[in-house]
Q: 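Sharing a structure with you now.
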Amino acid sequence: MIKQLLQDYVSDLTGRNDIVIDVPPNPEMGDYSCAVAFQMAKEQRRNPLEVARELIAAMERSRPRLVERITNAGPYINFFVDGEAFAREALGTILSQDRGYGTLPPTGKRVIVEHTSVNPNKPLHMGGARNSILGDSVARLLRAAGYEVEVENYIDDLGIQFAEVFWGILQFGDTPEEKYDHFLGKLYIRVHETLTPELEGEIKRLNKEMEDPSSPHSAMARAIVERCVMAQLSSLKTLGIGFDILVWESDIVHAGLFDETFELLGESEDIVTEDDGPLTGCLVMKLGRVFPNMTNPDKVLIRSDGTPTYTAKDIALQMWKFGLLSRTLLYRTWDGTTMTSDNDGEPMDFGNADMVINVIGSEQSYPQEVVKRSLKLLGFDEQSEQSHHLAYEFVTLPDDSFSGRRGTWIGYTLDDVLSAGRAKALEAVTQRRSELTDDERGRIADVISAGSIRYNIARYAPEKKIVFRWDDALNLEGDSCPYVEYAHARCCAILRKAAGTYDHAACTFSYTHPKEWELVKALSEYPDVIASAAADKRPHYVTKYVNDISLKFNSFYNDLLVIGSDNEANRLALVDATRTVLANALRVLGIEPLEEM
RNA sequence: GGACCCGUAGCCUAGCAGGAUAGGGCGACAGCCUUCUAAGCUGUAGACCGGGGGUUCGAAUCCCUCCGGGUCCGCCA
């Protein structure tokens, strides 16, 4: 908040909109700094030092709120904040807003976040989990930033990948001896081991048949997929990840959404049906103008046999998300909190988004770009602009990739990692907290294992490849979920011991120790972190921040006594504010704050 | 052939609308539990920010180029 205040202040003073407020390398130089004098001096061909002195003189005439002193170190302008006034305002805001601290005002905009959308033929492995964790974190972030968020999972129940396991079930029987998604995943490997060109033809015919609602296989296939999706969602639920709406490809087909989209596409000048050449009979999008140098600048949307390609379906789905189609889906309840599309259901208010975020691997950047451009070609400029592909790199094993067909995911499913993590966390709690009941220790282990997996994925920038290593994934020390939870639990322990013996209305908010002061400043930045993480759709800003607060708090904790100190009431207020910020930030990351561990 | 992403200490990573001494973590070494939880804290060693050019008062950050790694450019899904 103070950074923003200073930025606005310097902007007003200089009439510039490129002001950046930094933190000086050494706290003795000031709390915040600004290097405008360099820029202005360059443009005006003047001495930067002189410019800085002039600016400071102007600032002295109407000093910004909360600033006590302004000095210069060479051409750098340094601000010293009025500690007491600042702490009163910053901590006062945190303590009074409590759980609402860091929640930004409503934007009135609806955003759809599509994530997970894994084929319904296998369990989630750590690669799929990255998608879900990223998507869920971004959804929480946007909610905190004032958006109405609708979280969607697209179920590709008509894809060839599912048809392959479906064929496997017809062939080898539906006899699961383990969690259903694991059963299907292994069946899928088996099918691929026996796959021949003739079989592929047979599976294609089966795939076609599934699309026909009057075929007996249609209903059977849907029932199997539903069972698989339930299994997949139960794994995600352990991580605190859920969906508002499941959208099924079969429902989209049968509701005529593809047909309507293709009719619209056919009206565009850049989308034509070829009548000669190798693509005769195909509906083709001409991308030569937007993507020069492509080997093949013609993107097929509808094949000569009349079936739509993947990209064409993606365009239709995107159109539905923005509410651009006149035909609509119907819905029913899937479970307590999740709805699902169902053509026998009833109308509900899904779709109609102002912004769409698709969490999809970066290898699909090109088709996602085609989707975005096609909206523009159809005249939906605004929707094209508001179509965002949140791309991320894959999770791999140290010397292999995760492959559904080859089964390299076995042993690395989300369920496997969760249970290993839980065992490790349980061992750690049991060692340290023998006085707790089994239930209490179990609950802590649940939170720590789920939180660790989330944290260890969320802390990487999306464009970084992640190599899965057990030590890393289940790390309980350092920059990790337990580290942050521990700092939070320490706050709670102090507050518990003080048991409401302080009243923050009566605090003076005077802090003299640098470790107190650094914490106050960092806590005040939380809403800015939420705002920029949401704007950039990058949850790792939050893990970074929460680690930084924990680092500062633990250092404070180690050096300074709270209860029984001569600044007890003020320190209790600081601990309370730290607790609040850590808890709120953990919730944004989908991690439940622990009061003890 | 073209396009996109990544390259920061032994390992992982932040910083990349240019700003003062490049943050964290793991690992290594040396310390700290009769005071609010040691899943913690403090200190030491470790970085020519992939190489080379350029722009600038100032470059990890911007531009060019090269090298290494990954991905994409199918009537596949």
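Only this structure's heavy atoms are used, side chains among them; waters, hydrogens and symmetry mates stay out. Small disclaimer: the values here were computed from a predicted structure and weren't measured.
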Q: Kindly give the atom pairs (protein nitrogen or oxygen, nucleotide nitrogen or oxygen) under 3.5 Å for nucleotides 5-10 of chain B.
A:
from: B:G7; atom 1: OP1; to: A:Lys464; atom 2: NZ; distance (Å): 3.2

Q: Just checking, A:Lys521 and A:Tyr32: is the charged tip under 6.0 Å from the six-membered ring centre and within 45° of the axis?
A: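 Yes, A:Lys521 sits over the ring of A:Tyr32.
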Q: With a 4.0 Å cut-off on heavy atoms, is A:Glu596 in touch with a base, just the backbone sugar-phosphate, or nothing at all?
A: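 Counting heavy atoms under 4.0 Å across all strands, the contact made by A:Glu596 includes a base.
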Q: Applying a 4.0 Å non-hydrogen cut-off, can you work out what A:Asn26 is touching in the nucleic acid: base, sugar-phosphate, or nothing?
A: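 The answer is base, as A:Asn26 lies within the cut-off (heavy atoms under 4.0 Å) of a base atom.
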Q: Between the protein and nucleotides 41-48 of chain B, which nitrogen or oxygen pairs come in under 3.5 angstrom?
A:
from: B:C41; atom 1: OP1; to: A:Tyr483; atom 2: OH; distance (Å): 2.5
from: B:C41; atom 1: O4'; to: A:Asn558; atom 2: ND2; distance (Å): 3.3
from: B:C41; atom 1: O2'; to: A:Asn558; atom 2: OD1; distance (Å): 3.0
from: B:U42; atom 1: OP1; to: A:Ser555; atom 2: OG; distance (Å): 3.1

Q: Between the side chains of A:Ser250 and A:Asp157, is a donor N or O closer than 3.5 angstrom to an acceptor N or O?
A: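 Indeed, the side chains of A:Ser250 and A:Asp157 share at least one donor-acceptor pair under 3.5 Å.
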Q: Side chain of A:Tyr545, backbone of A:Ala522: donor and acceptor closer than 3.5 Å?
A: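 Yes.
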Q: Report yes if a donor N or O on one partner sits less than 3.5 Å from an acceptor N or O on the other, where the partners are the side chain of A:Ser33 and the base of B:A20; otherwise report no.
A: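 When only heavy-atom distances are counted, A:Ser33 does reach the base of B:A20 through a donor-acceptor pair under 3.5 Å.
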Q: Count the heavy atoms belonging to other residues, nucleotides or ligands that lie under 6.0 Å from CD of A:Glu595, then report whether that count exceeds 12.
A: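 For A:Glu595, atom CD is not crowded (no more than 12 foreign heavy atoms under 6.0 Å).
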Q: With a non-hydrogen cut-off below 4.0 angstrom, is A:Val429 in contact with a base, only sugar-phosphate, or nothing?
A: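 Contact class for A:Val429: base.
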Q: Under 4.0 Å, counting only non-hydrogen atoms across every strand here, what does A:Arg433 touch: a base, just sugar-phosphate, or nothing?
A: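 Touches a base.
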Q: Specify the residues of residues 45-55 of chain A, ordered by number, for which at least one heavy atom lies under 4.0 angstrom from an atom of RNA chain B.
A: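 Heavy-atom contacts with RNA chain B come from no residue of residues 45-55 of chain A; none.
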